[in-house]
Every structure is written in structure tokens, then in C-alpha cells.
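Everything on this sheet refers to the single structure shown next.
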Amino acid sequence: MIKMMTINDIEKKWQKYWDDNNTFVAKNNSDKEKYFYLVEFPYPSGSGLHVGHVRSYTAIDTMARKKRMMGYNVLFPMGWDAFGAPAEQYAIKNHIHPKEAVAENIKTFKGQIKDLGISFDWSREFSTTDPEYYKWTQWQFIKFYEHDMAYKAKKSINWCPNCKTGLSNEDSSGGTCERCGSVVVQKEKDQWVLRMSDYAEDLITGLDETDFQERIKTAQINWIGKSTGAEVDFKIKEIDEKLKVYTTRPDTLYGVTFMVIAPEHPYIDLYSGIINNMNEIIDYREKTNFKTEFERLNMTKEKTGVRIDGLTAINPITNKEIPIYISDYVMMNYGTGAIMAVPAHDDRDYEFASKFNIEIIPVIEQITGEQRENEEQKNSIVAVIYDEENNKYLTLNWKELGGRLFIGGTRKDNETALETAVREIKEETGYTDIRFIKEISPINHHYFAYNKNKAYEIESIGLLFKLISDKKETNNLDEDEKGKFEIEWVSREIIEKEVKDELHITTFRNLLAENNYYAGDGKMVNSGILNGLTNKKESINKMLEYLEKEGIGYKKTNYKLQDWIFTRQRFWGEPIPLVCCDECGWVPVKEEDLPVLLPDVAEYEPTDDGESPLAKIESWVNTTCPKCGKPAKRETDTMPNWAGSSWYWLRYMDPKNDKEFVSKEALNYWGQLDWYNGGMEHATRHLLYARFWNQFLYNIGLVPYKEPFKTRVAHGMILGEGGEKMSKSKGNVINPDDVVKKQGADALRCYEMFIGDYEKEAAWSEQSLNGCRRFLDKVIKLQDKLNNSDEYSSSLEKIINKTIKKVTEDIDNMKFNTAVSALMILTNEMTDKEEISQKDYRTLLTLLNPIAPHITEELNEINHLGNPLCESAWPTYDEEKIIDEEKEIAVQVNGKLRGTIICAINDTEEEIKEKALSDSNVQKHLEEKEIVKVIVIKNRIVNIVAK
RNA sequence: GCCUGAGUGAUGGAAUGGUAGACGUGCCGGACUCAAAAUCCGGUGGCAGAGAUGCCGUGUGGGUUCAAGUCCCACCUCAGGCACCA
């Protein structure tokens with residue numbers, strides 16, 4: 001064996017080679033086709049690189065390296081997202097400037113990444129905290145401001161009392177601070193806000209132009225939360241004023257029996273004069289404001305509320321008077337802050353109505369069975385009797401006549417459902433000592449009676465009874481029913497399994513359900529103009545038409561996406577480049593005066609009064625107005641840490657430009673980002689902010705594409721050895737540095753590519769890592785078998801061609817685990833051979849190079865196989881060479897494998913059939929059977945169907 | 001609750017509707033060694049059988065098909081996202 005350096009030395013050697021030769025530096029003007037890969041730039045935290053970073057960096061590196069070998073001009077840059085609280089905290093503690101802490105961390109991160117041999121173009125590196133970079137972040141903020149897309153408003157914002165800063169909706173979802181987990185409180189504060197909600201629709205439709213993973217698209221769509229419905233005005237009896245609500249179900253308007261407004265709804269203060277129980281209401285309002293942490297986190301759904309005494313609404317369609325409540329289950333920041341409540345068809349309204357004893361009017365009947373023409377109408381009941389002692393229900397087993405059913409029957413004229421049920425129970429079973437428990441809303445059932453050749457539409461009411469005692473009276477059955485069924489008490493499980501009749505099983509389930517609201521489709525009842533309709537869309541449209549005609553309401557679309565609160569009361573962020581002048585108001589800093597630099601001070605403590613730490617630095621705050629020159633004050637809030645990452649991919653195209661944020665030429669050349677990888681945790685926030693930002697730039701003509709990212713993929717997390725999330729407290733954190741030192745960067749890379757499906761999470765395994773190192777050892781050993789030939793060995797040619805195809809396609813599809821597997825198979829195959837050719841070996845090394853770049857380069861060099869792999873072409877395969885002349889195919893008899901036969905590629909179907917039938921084991925299974933047909937799928941399978 | 005995914009050996013995971021379990025790990029047996037590690041060779045879904053082979057087997061229950069891990073329906077479980085959003 002040729003003497004080799006240690007793995008670590010080899011890796012260092014090639015990393016230096018790539019650096020010295022600018023191997024991965026992308027050119028901004030090239031005849032080659034461009035390709036732009038990006039992994040999310042990290043926040044350089046003090047704890048260093050995580051093995052999770054290694055997974056995604058290696059994956060995209062593998063793709064980028066292969067793409068370069070295929071002749072593309074690849075841009076694969078890296079930088080740092082370094083504004084943010086941890087650096088600030090560290091600085092506060094150690095009385096240094098956060099930029100020093102950041103510089104230190106970047107150094108560590110960069111060293112670690114370099115040790116992995118990731119092919120980043122370091123010539124384009126920058127940090128969001130570089131004044132040369134944040135100058136342009138500020139410049140773009142001014143563009144937002146100039147286009148009226150940024151406004152200052154006193155807003156009730158999410159305030160984290162621990163971090164002492166405001167948060168966006170995205171950063172405080174679930175009512176807790178994303179960073180520290182504290183319960184977020186609402187606080188009124190003047191904030192800069194970007195009109196992101198204007199882009200809600202574009203952010204949804206734009207997704208159609210992208211190729212994002214489905215789960216990412218859904219996450220975004222969910223977050224934006226589009227809903228279509230109507231705004232409807234409800235008159236208030238006592239005053240000349242209307243209460244506007246938003247609803248997605250105007251078809252249920254006839255079922256509205258009360259209204260609810262949010263505790264913060266302005267009407268409360270506005271009409272406090274005529275509200276009789278103001279004290280109670282104010283009391284309630286305060287309580288909801290100070291919900292305990294426990295209640296927030298557990299999202300206790302127990303409904304609370306207070307009826308407003310003095311205000312009564314009028315249902316605009318029934319003209320009935322209905323009460324108005326305040327309750328915290330209605331949010332002020334969505335819709336109109338008021339709802340119409342339909343307890344029969346909405347779970348929350350149902351719960352509220354049950355608690356406050358409000359009338360429930362069903363307007364939609366559930367439908368079972370299939371509708372036919374010329375149906376005869378009937379009223380009927382389904383009665384369920386429960387034997388609590390034995391936990392069983394009474395059923396009638398009609399055997400082949402109708403299977404297992406409950407007691408059913410037709411209602412006679414002038415008979416209530418309850419009367420019918422009691423009568424039928426007595427007639428069919430004889431039981432009389434029963435107690436009525438409840439009755440549920442009717443079900444609209446359709447069925448066809450074959451014995452009478454007639455279709456029925458029945459309105460069936462379900463009733464539940466409890467058995468008190470076994471006392472029976474003799475049943476008096478009709479002649480035709482006698483002896484046709486058995487009375488059987490059975491468990492719930494048996495009922496679920498054996499009761500097939502849709503009406504009966506649905507009734508049973510509804511009777512046992514805790515909440516008797518129905519949110520599905522059905523037949524409209526009690527609904528005036530809508531009565532009889534069975535199509536929800538049609539009902540909604542008909543009602544909308546009516547509302548518009550009467551001037552009561554109109555169509556409306558709502559989004560959950562809110563405007564983006566763009567200010568933080570922190571030191572370590574981009575200063576907002578605006579100046580407040582007594583005469584001129586808010587004035588942007590002139591472009592030539594950008595960037596507005598952060599001052600070099602050593603005190604950054606956030607203040608308790610909610611002011612930014614910058615506010616205390618008077619020398620910084622006091623300035624002159626860019627417009628009139630008079631004394632003025634700077635805005636002291638800074639941008640959120642999402643700002644810098646909202647456009648950074650653009651800067652990579654032209655990172656050194658000091659005239660523009662990026663040149664037109666660079667924008668046109670690099671175009672859209674082709675492949676963007678990042679964590680699932682950024683699928684909503686970062687990705688929405690970035691898309692919004694880019695769409696705005698597009699709309700004002702600054703970038704050529706509306707959608708910035710063609711493809712977005714998210715990697716699965718790497719878990720600790722036990723399958724749990726890696727964390728310091730659990731002590732299961734794997735430090736990539738240690739792995740690199742012990743097994744080498746190539747083994748680590750190879751392992752992380754082999755660990756499993758890239759999109760799914762995977763648990764770390766030391767053993768499996770060893771396996772990958774063993775694989776690389778095998779590849780190294782292969783050099784002992786080299787002969788002098790520079791053609792493929794004939795015995796390997798086929799598998800090499802197959803492997804080229806497999807690896808090429810797998811890398812393109814991010815199926816790295818099977819790519820590695822194919823390379824292992826090839827390596828095993830080569831290991832079995834006496835000798836291998838130079839071309840055999842070089843092809844293997846080339847295919848493996850994107851995954852394990854150091855060792856393959858070294859083996860290529862010391863065995864004099866050719867130019868460095870990073871400067872060579874990706875191998876191609878010959879489709880013809882892949883075809884097997886002979887193939888073993890399976891023979892099945894009635895779908896079961898009974899033998900295998902060897903078939904030549906050009907065997908006719910007849911020949912294959914003959915071979916199959918002559919197989920001894922196949923013959924054995926055909927004994928005493930008649931062949932019905934023989935299915936021959938060439939090159940795949942033979943299936944003999946026999947009886 | 002709603003929306004995504006996913007359920008396959010001891011284990012990570014492979015399988016254009018066509019021989020389930022590739023490849024890796026682990027385990028068992030063997031070689032080398034004084035011994036161990038490393039390395040190499042063989043075996044490895046379950047049950048029955050000396051073996052040939054047979055039966056069973058991809059979360060559960062149905063269905064479509066000559067043929068289902070794969071397609072359809074219902075359900076169960078797990079993970080992720082959203083969540084009192086009207």
C-alpha cells in the first residue's frame with residue numbers, strides 16, 4: 001500500500017488546496033450556466049457548531065460539488081446572522097461591545113466549518129452586523145417608509161417582561177416569548193410596523209410559483225390563515241348603532257341565538273352609560289387580562305363571560321332579540337372583534353350556550369343514506385337503551401334481514417318522539433322500566449325499501465334511555481315481525497363493529513357524544529329562505545345574495561397574518577434610520593449619511609420603562625433634521641433580528657458593492673435562489689418575512705423576481721443516541737470537532753448522509769458512524785488492486801454504469817442515504833475482484849467525492865489517476881451498458897412466489913411462459929389445478945392463475 | 001380540534017403496483033492472534049422441518065387487482081405545524 005498521511009493531515013492539505021486555488025469562488029460573469037445554492041446562515045452562538053448544521057451543510061455541499069463537476073457556475077456562500085439577544089447578554093455581563101463577542105464566535109464557527117471541507121465561497125462572506133451590510137438594511141427600511149409600507153402606530157403589542165422588548169406575532173405564538181418562554185403581556189406602545197398583511201394574498205398565491213416542500217407550503221398557508229365569509233350588521237335595540245360581526249357561516253344565520261364581543265371591544269366604553277352592569281364587565285375584563293401562566297399554557301377552554309345588561313342585539317334575519325355577552329374566546333385582533341354565535345353548529349358557541357343556558361336552534365340536519373327521487377316522507381325514532389350495570393346496550397339482531405340494529409319505529413300522527421320510543425320499546429322488547437335520558441336533533445335519513453319498492457326520506461330522532469330493571473310486559477309484535485329477531489345486549493365495541501346501518505350507528509354515536517353540536521354538511525331546516533337546501537356552498541351564496549340585497553352584510557375575506565411589528569427595544573440591532581423633528585415629523589436619514597452606526601458604548605441594559613437602551617445615550621440621540629437642519633432626535637428602537645436575514649441572499653450576489661445594495665447585473669445574472677435549505681423552525685417566520693420583503697422590492701422595481709426562492713427544503717433534526725433532542729442538560733450533545741478529530745470529516749459527512757431520509761429526524765449512532773469509516777477504509781484499500789488499464793474492467797462495467805446513474809439521480813433528489821448505499825455496493829463488488837482498473841477506481845472516487853471530498857482527492861492524486869477531482873467532470877453512464885442480458889425473474893402461482901427462472905432479455909413471452917411452467921416447484925403447485933391464465937410481465941414476473 | 005407527514009426485522013432504514021427487508025449497525029459462528037482489538041469469511045424476519053420446502057409476515061379492519069408495504073375507504077398510534085381565528 002502506498003504510504004499515506006493521517007486522515008487529519010490529508011483533510012487539512014486539501015482544504016488548503018481549495019483555498020489557495022479559489023476552487024469554490026463563484027464568478028459573476030461566466031459563460032457557464034448559473035446555479036445558486038444556499039443554506040441558512042447561522043447565528044454564531046457561543047456553543048459552536050451542532051451536528052445538525054453538519055447534516056444540512058454537507059447535503060447542500062454534496063449537491064453543489066456535483067453541480068460544479070457537471071459544469072455549472074455554482075454560488076454557494078456563507079455568512080453570519082449575528083444581531084440578537086445572546087451576544088447582547090454576553091456583552092452586558094462582560095462589559096465588552098457585542099461586536100467583539102460576535103467576532104470571537106464567528107472565528108470559532110468558521111474554523112469548525114472549514115474543518116468539514118464545505119465548499120463555501122468564502123470570498124463573499126459577511127455578517128449582518130457589518131456596517132457595510134446593515135447600511136443597506138437601513139436603506140431598504142427607508143424604501144418601505146417612502147412607499148408608506150412602514151408606519152408608526154400606538155399598538156397593543158406583545159411584550160416580553162423578561163426580555164423587556166416588544167415581539168411580533170410570529171415571535172410570541174402560543175402566548176409565550178419565543179426566546180425565553182415568559183408569558184407575553186399586552187402593552188400599548190408606539191411601534192414601527194410594516195404593512196405585511198397587505199401581502200397576505202400574494203404570499204399565498206406566490207407559493208404556486210415555487211417548488212417548496214409540501215409541508216413548508218402548508219405551514220405558510222396555515223400561518224397566513226385565509227378565510228372567506230361575510231361581515232354582517234346586527235342592530236342594537238337600545239341605540240342607533242350596529243354591531244358588525246365576521247362569520248364564515250352566513251348560512252347559519254337563522255340559528256344565531258346570542259352574540260359575543262371581545263373584552264377590549266370599543267362599544268363597551270362607548271356605551272358604558274347605558275350598560276347597567278359596568279362593574280361586573282370591568283371586573284371580567286381585568287381578570288382576563290391577568291390570566292395566569294398556567295391558564296395560558298394549558299389553553300384552558302372553559303368558557304367564561306358576562307352578559308351585557310343594557311345592550312340587546314336583533315337577529316337581522318329573524319328579527320328576534322338576542323343577548324350580547326363579552327368573553328375572552330373572542331379576539332379583538334381578528335375579524336371585527338365580535339361574533340354571532342350559532343350554538344347548534346359551532347363547538348365553542350355550543351359550549352358557551354350550554355354553560356349560560358342559552359337557546360340552541362339547529363338549522364342544519366345531518367344527512368345519512370342516499371337520496372333518491374320520489375321519496376315518501378316519514379317521521380321516526382331510533383331508541384338506544386343502556387344497561388349501566390353491565391355496560392351494555394340493547395340491540396335487535398335481525399340476522400340476514402337487516403343485521404344488528406337498535407329499536408326503530410315510525411311516528412304516528414300526533415305522537416311525540418318520546419311516546420313513539422316508549423311504545424316501540426314495549427312492543428318489540430317488552431321492557432317498561434326505563435328512564436328517558438336525552439333526545440338529540442333529528443337526522444335526515446334516506447333509504448330504499450326493496451320489499452315495498454319505495455324510497456323514503458325520514459326525519460329520525462334519536463333517544464337514549466337507561467334500563468332501571470328487567471321488568472317486562474309481554475310484547476305484542478306484529479305477525480310479520482315475530483321471531484325474526486333476537487334481543488341482544490352488547491358492548492359498545494360490538495356495536496361499532498356490527499351495526500352497519502348508517503342511521504342507527506350515527507344516532508348511536510351522536511347520543512354518546514358529549515357535545516351535541518353538528519358542524520358538518522346537511523339539510524337546512526328552520527331557515528326560512530334556505531330551507532331544504534343541502535349544499536353548503538349554495539346556502540352560503542343564497543344568504544350572501546340576500547344580505548347584500550338587504551344591505552345587511554357583504555362578502556369578506558380575513559387573514560390571521562398581522563402587520564409585522566418591526567421595532568425592538570434593544571441595543572444590538574440595526575438602528576432605525578429615521579429622525580424625529582418637531583417641525584417636519586419623521587424624516588429618513590439621507591442616503592449618504594447611512595449607515596446610522598451603533599454607538600461604541602459599554603452599557604446596553606434594557607430599561608424597565610420599555611425604552612430602548614439607545615435612548616439613554618444622548619450624544620447619539622440628539623442630531624439635526626435632515627430636512628430643515630434644526631435639532632431633532634433619532635429613533636432609538638432597533639430592528640428585530642429577522643431584519644438582516646430578510647434579504648441576505650441578495651447581498652451574496654454582490655457582497656462588496658458600496659454603491660448599491662446589489663447591482664442590477666448581479667441580480668439579473670444570479671436571478672432566483674435555486675435551492676434554499678433551512679430548518680423547519682423557519683418555515684413560517686423567516687421564510688414569510690423574506691418572501692414579503694422580496695415581493696416588496698419586486699413591486700418597487702428593485703429585484704427582477706417576485707418570488708426569491710425556487711425550491712425550499714428542510715432537513716430533519718439529528719437527535720441524541722437515545723432518540724431525544726440533543727441538549728446540554730441531557731448530556732447527549734455530540735461535538736462535531738471530536739468526531740472530525742477521531743474519525744475524520746469525510747467519515748462524519750458520509751455518516752450524516754447515510755443516517756436516513758434527509759427530511760426526517762434521525763438519532764445519532766456511534767456504531768453506525770464506525771460503519772461509514774469502515775466503508776472509507778475499504779475504499780482506501782482498493783488502491784492495492786489497481787492495474788494499469790484505463791478502461792472499465794469488463795466484469796465491473798455494468799455495475800459502474802448502474803452506480804453512476806443511481807448516484808447521479810439520488811443526489812439530485814436528495815436521497816443521499818441510498819447514494820451512499822450504492823457506493824458501498826460498488827465498493828464491495830470491487831473488493832471481491834482480483835484487480836480493478838484505474839478508470840474503475842477513479843470513477844468510484846469521483847462519485848464519492850461530493851460526499852467525502854478529502855480522501856477521494858488524496859487517493860486520486862497518490863495513485864496518479866488524473867487531475868484533481870474538484871476540477872474534473874462528473875462521470876456519465878451509458879444506458880445500453882446498464883441493460884441486463886439475463887435476468888432472474890419470479891414465478892408466482894395465484895400470487896404466491898413458487899420459483900424463479902432465468903430469462904434472456906429477448907426471450908419471447910411464449911419462451912418465458914414455457915420456462916415458468918417447467919419449473920418443478922411451480923409444477924408441484926399446479927397439480928390438480930386448471931390454468932386459467934398466465935400473466936407474463938417481461939423482465940419482471942410471471943403469475944400463473946390456476947383453479 | 002384542524003392541517004401535514006409517518007407506522008416495515010433486534011436496530012437506522014431499502015423497495016417505478018411485480019421475488020419485502022437492499023445497504024449499514026448489532027448479534028451468532030468461523031479464520032487470524034498467546035490473548036484482545038482491528039481485519040477477513042459465513043449466517044441472520046417469525047414458526048415448523050435434518051433438508052427440500054411449507055405456513056405466517058410491512059399499525060388494525062375492509063376493498064380494488066392476476067398481483068398491494070405501495071392504490072381506495074374506515075380506524076388506531078406517533079411526530080411536526082396551527083390552534084377559543086368565528
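Every value quoted in this text rests on a predicted model; they were computed, and no experiment measured them. Every chain is numbered from 1 and lettered A, B, ... according to where its sequence line falls, protein lines coming before strand lines.
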Original post:
Heavy atoms under 4.0 Å, any strand shown: does V932(A) hit a base, just sugar-phosphate, or nothing?
Top reply: nothing
Original post:
Hey, does the side chain of N222(A) come within less than 4.0 Å of G80(B)'s phosphate (OP1/OP2), counting only N and O?
Top reply: no
**OP:** With the side chain of I339(A) defined as its heavy atoms from C-beta on, choose the nearest nucleotide among A86(B), U39(B), C84(B).
**Re:** A86(B)
Original post:
Distance only, no hydrogens: is a donor on one side chain within 3.5 Å (strictly under) of an acceptor on the other, for S56(A) and Y758(A)?
Top reply: no
Subject >> Aromatic centroids of Y325(A) and F356(A) separated by under 6.0 Å >> reply: yes
**OP:** Indicate the atoms forming the closest heavy-atom contact of S227(A) with Y334(A), along with that distance.
**Re:** OG-OH, 3.1 Å
**OP:** Specify the separation, in whole Å, of atom CZ of F816(A) and atom C1' of G24(B).
**Re:** 18 Å
Original post:
Counting only side-chain N and O atoms of Y329(A), is one of them less than 4.0 Å from OP1 or OP2 of A86(B)?
Top reply: no
**OP:** Kindly assign one of parallel, tilted or perpendicular to the pair H345(A) and Y518(A), based on the angle between their ring planes and the thresholds 30° and 60°.
**Re:** perpendicular
Original post:
Taking all non-hydrogen atoms of both residues, which atom of I7(A) and which atom of G744(A) are closest, and how far apart?
Top reply: CG2-CA, 3.8 Å
**OP:** Rounded off to whole Å, could you give me the CZ-to-C1' distance for the R773(A) and U25(B) pair?
**Re:** 13 Å
Original post:
Can G9(B) be described as syn, meaning its chi torsion is within 90° of 0, or is it anti?
Top reply: syn
Subject >> Rounded distance in Å between the P positions of G12(B) and A79(B) >> reply: 16 Å
Subject >> N894(A) CG to A67(B) P, straight-line distance once rounded to whole Å >> reply: 9 Å
Subject >> Check ion pair D919(A)-R898(A) (N to O, under 4.0 angstrom) >> reply: no
**OP:** Inspect the contact between D810(A) and K805(A) and indicate whether a charged nitrogen and a carboxylate oxygen are less than 4.0 angstrom apart.
**Re:** no
**OP:** For nucleotides U4(B) and G9(B), find the distance between their P atoms and express it as a whole number of Å.
**Re:** 27 Å
Original post:
Given the C1' atoms of G45(B) and A15(B), what is the spacing between them in whole Å?
Top reply: 16 Å
**OP:** Looking only at side-chain atoms of Q767(A), point me to the closest of U25(B), G18(B), U53(B).
**Re:** U25(B)
Subject >> Listed nucleotide nearest any side-chain atom of R774(A), set U39(B), A86(B), G81(B) >> reply: U39(B)
What protein N or O atoms touch nucleotides 6-15 of chain B N or O atoms at under 3.5 angstrom, if any, and at what distances?
| from | atom 1 | to | atom 2 | distance (Å) |
| --- | --- | --- | --- | --- |
| G12(B) | O2' | I755(A) | O | 2.7 |
| G13(B) | O3' | N817(A) | ND2 | 3.3 |
| A14(B) | OP1 | N817(A) | ND2 | 3.0 |
| A15(B) | OP1 | K815(A) | NZ | 2.9 |

**OP:** Rounded to the nearest 0.5 Å, what's the gap from CD on Q220(A) to CG on L688(A)? Could you check?
**Re:** 4.0 Å
Subject >> M331(A), nearest nucleotide to its side chain (from A22(B), C84(B), A83(B)) >> reply: C84(B)
**OP:** May I ask you to verify if any side-chain N or O of R215(A) is less than 4.0 angstrom from the OP1 or OP2 atom of G81(B)?
**Re:** no
Subject >> M543(A) side, atom CE; I540(A) side, atom CD1 - distance, nearest 0.5 Å >> reply: 10.5 Å
**OP:** Establish, with yes or no, whether the OP1 or OP2 oxygen of U19(B) is under 4.0 angstrom from a side-chain nitrogen or oxygen of R898(A).
**Re:** no
Original post:
Quick one: F356(A) CZ to C84(B) P, roughly how many Å, whole number?
Top reply: 19 Å
Subject >> Atom-pair distance (CD1 on I799(A); P on A22(B)), nearest Å >> reply: 15 Å
**OP:** Take atom CG of L826(A) and atom C1' of G24(B), then tell me their distance rounded to the nearest Å.
**Re:** 16 Å
**OP:** Could you give the distance separating A48(B) and A10(B) at their P atoms, to the nearest angstrom?
**Re:** 15 Å
**OP:** Using a cut-off of strictly less than 4.0 Å, decide whether H925(A) has a side-chain nitrogen or oxygen near OP1 or OP2 of G54(B).
**Re:** yes
Subject >> Inter-nucleotide C1' distance (G69(B), G18(B)), Å rounded >> reply: 13 Å
Original post:
From C82(B), G54(B), U39(B), pick the nucleotide closest to the side chain of N921(A)?
Top reply: G54(B)
Contacts under 3.5 angstrom, residues 252-261 of chain A side chains, donor-acceptor by atom type, not counting sequence neighbours:
| from | atom 1 | to | atom 2 | distance (Å) |
| --- | --- | --- | --- | --- |
| T252(A) | OG1 | R249(A) | O | 2.7 |
| Y254(A) | OH | I529(A) | N | 3.4 |
| T257(A) | OG1 | E359(A) | O | 2.8 |

Subject >> Rounded C1' spacing from U58(B) to U53(B) in Å >> reply: 24 Å
Subject >> K896(A) NZ - U19(B) P separation (whole Å) >> reply: 16 Å
Original post:
Looking only at atom C1', what distance separates U60(B) and A6(B), rounded to whole Å?
Top reply: 16 Å
Subject >> Nearest to side-chain heavy atoms of N828(A), which nucleotide of C66(B), A86(B), G24(B) >> reply: G24(B)
Original post:
Given atom CE of M717(A) and atom C1' of G80(B), what is their separation to the nearest angstrom?
Top reply: 9 Å
Subject >> Spacing of the C1' atoms in C76(B) and G61(B) (rounded, Å) >> reply: 10 Å
Subject >> N770(A) versus Q743(A), side-chain donor and acceptor atoms under 3.5 Å >> reply: yes
Subject >> Dot-bracket encoding of pairs in RNA chain B, which uses [ ] for pseudoknotted crossings and | for another strand, Watson-Crick or G-U under 3.5 angstrom >> reply: (((((((..(((.....[....)))((((((.......))))))((((....))))..(((((..]....))))))))))))....
Original post:
W223(A) side chain: which of A83(B), A86(B), C84(B) is closest?
Top reply: A83(B)
**OP:** Look up atom CD1 in I755(A) and atom CG in L769(A), then write down how far apart they are to the nearest 0.5 Å.
**Re:** 9.0 Å
